[in-house]
Amino acid sequence: MIDNRPVSMEEAVEEAARTLVNARFPITYGLSDTTCEAQRQAVAITDTIRGNIDTTTSVCHGPSGIALQGVGESTMTLGEVKNRADLVIYWGGNPAESHPRHFGRYAVTAKGMFTPRGKKDRHVVLVDVRRTPSAPAASQFIQVKPGKDFEVLWALRALVKNREIDSNIEEETGVSLETMEEMVERMKNCRYGVLFFGMGLTMTRGRHFNSGALLALATDLNEYTHFVAKPVRGHGNVTGADNVMSWQTGYPFGVNFSRGFPRFNPGEFTTVDLLSKQDVDAALIVATDPASNFPQAAIDHLANIPVVCLDTKATLTSKLAHVAFRTSTYGINTAGTVYRMDDVPITLRKAFDSPFPNDEEILTAIKKRVRELVLARGQAGGASGVSKAAAPVQII
């Protein structure tokens with residue numbers, strides 16, 4: 001569709017390519033619900049047009065990515081959790097609703113090599129600001145005052161290091177000193193402990209400091225036993241988007257190519273910030289719907305610029321798009337590579353065919369035409385005596 005008018009695929013690809021090439025500051029966003037093969041093409045397009053590329057990580061576990069760079073991560077696979085973990089702690093998440101098979105396949109009732117009785121061989125703790133549908137599955141529920149996760153985590157770190165804690169800490173955090181001391185003893189004496197953390201840490205007061213404190217707590221506990229930590233991710237292949245971005249650009253999200261090389265600066269090169277400040281004059285949106293969940297200022301600007309949208313269904317973003325492509329669904333109609341939340345790559349096979357093209361096919365066609373237009377523009381500039389810009393790093 002071009003301006004809600006049905007057109008051929010060739011016309012749509014041509015218009016999409018020209019829209020992106022003619023923009024002074026285009027942005028690519030989304031990528032978390034498509035294959036790694038399609039994500040690679042999106043990075044290559046953004047590099048060629050010297051734009052800005054960002055994924056949905058910036059509005060979910062982006063702070064965890066920042067914390068990881070500063071603190072490091074003691075990590076694992078979900079298979080290890082299933083077979084070895086006897087202490088599982090969920091912090092700031094509600095997997096019963098967000099990841100309904102996580103309990104049964106990996107972390108609570110799953111029977112493993114060293115946990116043959118499933119839940120009977122595990123102690124499960126849920127830490128959150130309120131009781132959620134996940135609470136009944138836990139052996140213990142600990143309620144933290146809203147916005148006080150960092151203080152609790154830092155107090156736990158202090159207790160792990162045998163520091164004294166003020167007995168009045170419950171007034172500050174909502175968690176008693178006795179509960180914290182009991183939790184620390186359990187963490188120190190478990191055989192294999194796991195900290196799963198969700199957006200209750202990353203999208204609240206503290207953000208990356210919260211994630212950093214939790215990752216540092218896992219590191220501290222490794223002086224006593226084996227302890228690991230992992231963010232519980234959302235979209236189907238958001239972990240794949242982080243991996244593709246990282247090995248293509250060196251950074252996991254919020255990457256800018258305007259100077260001819262990748263730069264990373266969350267808060268400046270992340271999509272919500274760029275749209276809210278009205279810095280962007282065109283957008284390539286792939287497999288996500290920012291018009292349904294971004295701040296109003298960002299949505300308003302998105303509606304005022306030409307948008308190229310790829311999605312499997314009609315969305316608020318596709319309805320306001322200048323060029324909209326209907327695509328097939330990865331893992332159902334499209335084969336490809338995705339990453340599980342524990343960074344394990346998986347090859348998906350298609351179940352049946354779709355009448356719609358897949359994201360990789362469309363993005364590859366756009367990339368080819370974009371490169372032709374950029375090359376033609378550079379040659380025309382050279383012929384007219386206008387100095388050509390330095391060629392961008394060509395990511396394949």
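Here the structure is a predicted model, which means the values were calculated and not measured. For the numbers below, each heavy atom of this structure counts, side chains included, while hydrogens, waters and symmetry mates do not.
A salt bridge is defined here as a Lys NZ or Arg NE, NH1 or NH2 lying under 4.0 Å from an Asp or Glu carboxylate O, and D311 with R326 fails to meet this definition.
Between M199 and C60, the shortest heavy-atom contact is SD-CB, 3.6 Å.
A ring-ring contact (aromatic ring centres under 6.0 Å, His included) check over residues 265-293, counting only residues at least two apart or in different chains, returns nothing.
The ring pair (Phe, Tyr, Trp, His ring centres under 6.0 Å) search around F294 returns Y29, not counting sequence neighbours.
Counting heavy atoms from C-beta on, the side chains of T77 and E80 come closer than 4.5 Å. Counting only heavy atoms from C-beta outward, the side chains of D128 and V144 never approach each other to under 4.5 Å. Side-chain contact between F25 and S258 is absent, with no heavy-atom pair separated by less than 4.5 Å. When side chains are defined from C-beta on, I142 counts as touching T179, because their heavy atoms get closer than 4.5 Å.
Judged purely by distance below 3.5 Å, without hydrogens or angles, the side chains of N333 and S328 never pair a donor atom with an acceptor atom. Side-chain atoms of Y330 and N237 include no donor-acceptor pair closer than 3.5 Å.
In this structure, F197 and H61 have perpendicular ring planes: the angle between them is above 60°, well past the 30° mark.
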Would you mind writing out the side-chain donor-acceptor pairs for residues 101-111 within the sub-3.5 Å range, not counting sequence neighbours?
unit_1, atom_1, unit_2, atom_2, d
H102, ND1, Y90, OH, 2.8

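Looking at T34, D33, L31 one by one, the single match for side chain to side chain contact (heavy atoms under 4.5 Å, CB included) with D359 turns out to be T34.
In the hydrophobic clustering of ILVMFWY residues, with side-chain heavy atoms under 4.5 Å counting as a link, V21 and V286 come out together.
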